[in-house]
Amino acid sequence: MLSLGIEGTAHTVGVGIVDDTSKILANVYEMVKPAKGGIHPREAANHHAERVVPLIRRASDVARVDLQDIDIVAFSQGPGLGPCLRTVATAARALSLSLGAPIVGVNHCVAHLEIGRAVSGCKDPVLLYVSGGNTQVIAFARGRYRVFGETLDIGVGNMLDKFAREAGHGFPGGPILERAAKEGGKLLPLPYSVKGMDVAFSGLLTAALNLLKKGERFQDLAFSVQETAFAMLCEVTERAMAHIEKDEVLLGGGVARNLRLRGMVDRMARDRGARMFVPPGELCIDNGAMIAWTGLLMHRAGVRMSVEDTVVDQRFRTDEVDVAWR
Ligand code: ATP
Ligand code: FE2
């Protein structure tokens, strides 16, 4: 059985093809790079509309699969930016109709978790999902994926991107700060904001920018921002692991590429006799393969959708998904 998945919740549009052993036959994507400022939903949607058909063709070439042999068409139904979601849903509906293959709408956050389980060998992890727009601690409990903690304001990746941008550097900010932090070492005091299982980053961002204006070195601030923000993430992840008694932690989202974050989470996990798992980088970021795989799991579990069921949901909550496949 072959599943083709289309991702397009934010700045990345991607197409993946997987088989029923979770082998990834293709995983191609393109990303909008805003010239300056943040991402414009309309511009991103136009970009996705232009790129999605060539990407579908490229995925079929890479996988050496005829599109006629695709059994399932999956797409990211939410959460995400409305115009982007609608563009991708339209492409998925058209493809599904022209191939006569069933369509499945997939929750983007659940897909990050499922691809991690499939490729990294963990069974029942707590997922620390850290991307630009999202920061959530998710785990399976009582038949659903539940959000145990999340950001109360901006995603950790957005915070890193905004800090780098305001400091006059490029996009994305995460890798720029990771490099700069290696040349920093002075731990400057920044707000450490953990409320129960939740975190907040906008106070930290403002404080870091203020210190930059006061003349602190960018490298020291990059170091301090990472240390503080990642410590907050470790604390809430550890609390969730203790609370629901899980001994695996899985990283997902673009920020999971950061080696300092991985080091801190790994240390936390070992200290409590647990293990950390990290999917390869191109499966950490937004990608079509994770959508294809989760769509296949859903289809195999009997999920069927009519075209009316494929309406997108910008605020699609993780715990709304009936996890019929576990
Ligand atoms: P979502 O729609 O899931 O919120 P997204 O569109 O933000 O996702 P991702 O590709 O998952 O997309 O993540 C992008 C984020 O990852 C950016 O904020 C970027 O700065 C961050 N990032 C990438 N590499 C690193 C790194 N090495 N260290 C820290 N952050 C990183
Ligand atoms: Fe994502």
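Position 1 is the first residue of the sequence, and the numbers go up from there. Both ligands and their constituent atoms are indexed starting at 1 by order of listing.
- For the pair G132 and ligand 1, the shortest N or O to N or O distance falls below 3.5 Å.
- For the pair R165 and F171, the cation-pi test (distance below 6.0 Å, angle within 45°) is failed.
- In summary, the side chains of N134 and H108 do not present any donor paired with an acceptor at a separation below 3.5 Å, with no hydrogens or angles considered.
- Shown in contact with E178 at under 4.0 Å from a heavy atom are these atoms of ligand 1, numbered in order with element: 26 (C), 27 (N), 28 (N).
- Short contacts between ligand 1 and L160, defined as distances under 4.0 Å to a heavy atom of the residue, involve ligand atoms 29 (C), 30 (N).
- For ligand 1, the polar-atom distance check against P172 finds no nitrogen or oxygen pair separated by under 3.5 Å.
- At least one N or O atom of G157, backbone or side chain, sits closer than 3.5 Å to an N or O atom of ligand 1.
- Using a 4.0 Å cut-off between charged nitrogen and carboxylate oxygen, E178 and R260 do not count as a salt-bridge pair.
- Taking only nitrogen or oxygen atoms, main chain and side chain alike, S131 reaches within less than 3.5 Å of ligand 1.
- The distance from the Fe ion (ligand 2) to the nearest N/O/S atom of Y129 is under 2.8 Å.
- Taking 4.5 Å as the limit, every side-chain heavy atom of F201 sits out of range of all side-chain heavy atoms of L152.
- Contact analysis leaves Q226 out of contact with ligand 1, as no non-hydrogen atom separation drops below 4.0 angstrom.
- The Fe ion (ligand 2) sits nearest to atom OD1 when only the N, O or S atoms of D286 are considered.
- Taking a 4.0 Å cut-off on heavy atoms, G155 fails to register as neighbouring ligand 1.
- At a threshold of 2.8 Å, the Fe ion (ligand 2) has no backbone or side-chain N, O or S atom of C109 nearer than that distance.
- Using 4.0 Å as the threshold, Y129 has a heavy atom nearer than that to some atom of ligand 1.
- Considering backbone and side-chain atoms alike, G254 places an N or O below 3.5 Å from some N or O of ligand 1.
- Every heavy atom of T12 sits 4.0 Å or more from the atoms of ligand 1.
- Interface of I285 with ligand 1, defined as ligand atoms under 4.0 Å from a residue heavy atom, comprises 10 (O), 11 (O).
- The shortest side-chain heavy-atom distance between I291 and I6 does not fall under the 4.5 Å cut-off.
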